[in-house]
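In what follows, a structure is listed as structure tokens, so that the remarks can point back to it.
Below, read A as the first sequence line, B as the second, and so on, with proteins coming before strands; counting in each chain starts at 1.
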Amino acid sequence: MELMEYSAAARLISSYGIRSVESRYVKNADDAINFAGKQGIVLKAISKKALHKSKAGLIKLGLRTPDDISAAFADLSKRAKKFAPYKILAQKMAESGVEIIVGGREDPQFGKLVLVGLGGIYVEAFRDFALRVCPISRFDAKQMIQQLKSRDVVTFHGKKEKMIEDLLMNASKLLSENKMSELDLNPVIVRNDGYDVVDIRILR
Amino acid sequence: MLKPESVAIIGASNTPGKVGYIILKNYLEEEYRGRIYPININDETIQGLRAYKSIRDVGERVDLAVIAIPAMAVPAVLEECGKAKVRSVVVISGGFSEVGNTALQNKLVSIAKKYKMPTLGPNCLGVMDPRSRIDTMFLPENKLSKPKIGGVSFVSQSGAVGSTVLDLIAKEGIGLSKFISYGNAADVDEVDIMEYLLKDEETKVIIVYIEGAKRGKEFLEVGKKVAKKKPVVIIKGGTTAAGAVAAHSHTASLAGSNEAYDAVFRQCGFSIAKDLDDLLYFGKAFATEPEPKGNRVMVITNGGGTGVLTTDAVNNAGLKMAAMSAQSQKELRKAMPMTVNIRNPLDLVGDADEKRYRDALSAISNDKDIDMLIVIALFQTPGADENLAAALVDFKRNSKKPMIVISAGSQYTEERKIMMEDEGLPVYDSPAAAANSLAELLKYSKFRKGIV
């Protein structure tokens, strides 16, 4: 099983109308500072040898000043050495909102499955999710959202329901049309004015 | 297989207690109207019928052959069935893939395919159809109550769950269309059975015990088609076993194999039973009750506490307690004694008799703000007797709304319960069973209409 390279994964999901936060590989701290501009950024060390970035301490969040960025870049480079070869990805900080997970996997019995659930750190704690076999209809997408205990939180009391339905249908299409064994878009940050996919993992 | 005009019983026996003895005896006792050909290499006559050494000696068309002989001998006999142009086969015998003997099972499959001869089993109870009086089961008559004729078909991968639930179907007064126990699903599998039941006009409701579907994608396809036409209640055995999914992602760690089955059942529009009680309760409600128009429930009781518990059960099931129309309230006030509070739950109090129930039901009968009815009839009270049971049956006959009765108790209650169920009015022991069953009716009705 192989982890798809991040920028290729971002391009792939974007071709299915799924937006992820603006991101770019950076070669050094200055590069990262330039990319950040006035916004905060996140730095992530990306390596095929480290499937769980946060567990390996390979994510630096909430970097706002040039000093913060330089220090984080240096520390990350040190930590990532044992996972070489690696690259460092800079991402614009997403505005805060409700974190959800959208994912999928290939099931030996039924084929591709698509999932939606309460995301981020709540995934394992609450296990509040809904699952369907791809391809899904709009009715399926609506039912999936209704199945969540956290539906009112996730949809902002229904206001973002249509947006999440569209996201699920796009994810179902992405899963159906591409060879992949597992997909995690986690977290996807849902806000009143839209959503941002913050992390992408596609395993082939 | 289910409407055969002639049946051969291979392994039929004269020795009481043997599987081949009981199967033949059941056919004789149930007065099966078709021709019966016992096959046995040793005896000239079996239970008074002429016996044949081989299926090929019969010389007439055989619609169904039931095979109940040791596993090792099955392939040779199946081959003979093929040559004799037998039209369908049920292999009762165990000793195939369920004990690791996959090679023997594969042999069976290839023979069945070679002769294009639908073969059910092996390792199963086979089929039962009370209309055609077909019953391939090897369970003694006196130990298993046979359900009355009706519209519910029951499909079970497991023979043990099959026979237990079948007995309970009889106890709950549910009418049976077909019982199909398919065991190892070597040739005929879940998908074939669902396709058959989809087209079978005698089948109005399907209840299923499944441990796994061999052809996942086809199962989803046929499942969707079936649930659009008739309700399916399903339970999957083995849901706590760890799903064998290698998880590298959050998604895979959440969504194992059992979750995938759950997803498929939801996507089909099936009713998911969490235990065998649900399987029976939901099946029972679907068998007799019309589609509800909405989620508002009226509760009428002769016991205050049971009314309160039922109110809780209604709310817990995601349904609403109905707010009666002003007209209903006015009529009730006129008809009820002052000891009765006009509200929902409507407590007719402990001295309620047949007449008070009739008056109360008639007062609310045309209320458009009520979608479903739960009537609690506690037969331990002095006024409740068989006349009350008859009153509820009468009301039900003219009502287009789903209506369920709750009556819990021992022998006296049980007898009145049977009176009501024989007339097609479902009776439940507990408020939760009643409310959850109504909630399933509503869920299915919304699914059919495409409402989330």
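- Looking at every heavy atom in both residues, B:H250 comes nearest to A:D184 through N-OD2, 2.8 Å.
- Other residues, nucleotides and ligands contribute at most 12 non-hydrogen atoms within 6.0 Å of the CZ atom of A:R204.
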Discussion item. Ring pair (Phe, Tyr, Trp, His ring centres under 6.0 Å) for A:F110 and B:Y261? Distances and angles first, verdict last.
Written reply: CA-CA 9 Å; A:F110 299 108; B:Y261 274 97; 4.9 Å; yes
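- B:L220 CG to A:R132 CZ: the interatomic distance, rounded to the nearest 0.5 Å, is 10.5 Å.
- Counting heavy atoms of neighbouring residues, nucleotides and ligands inside a 6.0 Å radius, atom NZ of A:K173 does not exceed 12 of them.
- Residues A:D107 and B:A260 share a closest heavy-atom pair of OD1-CB, 3.8 Å.
- Closest heavy-atom contact between A:Q143 and B:R266: OE1-O, 4.0 Å.
- Minimum heavy-atom separation, B:L254 to A:F129: O-CZ, 3.4 Å.
- Heavy atoms of other residues, nucleotides or ligands lying less than 6.0 angstrom from NZ of B:K449 number more than 12.
- In the displayed structure, A:K92 atom NZ is contacted under 6.0 Å by more than 12 heavy atoms of other residues, nucleotides or ligands.
- Contact record, B:K214 with A:Q109: O-NE2, 3.9 Å, taken as the closest heavy-atom pair.
- Heavy-atom contacts from other residues, nucleotides or ligands closer than 6.0 Å to NZ of B:K107 number 12 or fewer.
- Taking 4.5 Å as the limit, some side-chain heavy atom of B:T251 sits within range of a side-chain heavy atom of A:I101.
- Listed options A:L183, A:N186, A:L131 were ranked by heavy-atom pairs under 4.5 angstrom with chain B; first place goes to A:L131.
- Taking a 6.0 Å sphere around NZ of B:K443, one finds it holds 12 or fewer heavy atoms contributed by other residues, nucleotides or ligands.
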Discussion item. Could you go through B:Q267 and A:I136, starting from their C-alpha distance and side-chain angles, then the distance that decides it, and tell me whether this counts as side chain to side chain contact (heavy atoms under 4.5 Å, CB included)?
Written reply: CA-CA 9 Å; B:Q267 215 158 348; A:I136 56 167; 4.0 Å; yes
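- Summarising the local packing, OH of A:Y122 is surrounded by 12 or fewer heavy atoms from other residues, nucleotides or ligands at distances under 6.0 Å.
- By the neighbour-count criterion of 12 heavy atoms within 6.0 Å, atom NZ of B:K224 is densely surrounded, having more than that number from other residues, nucleotides or ligands.
- Minimum heavy-atom separation, B:S249 to A:R201: CA-NH2, 4.0 Å.
- Remark: side-chain polar atoms of A:R105 are not paired, donor with acceptor, to backbone N or O of B:S253 under 3.5 angstrom.
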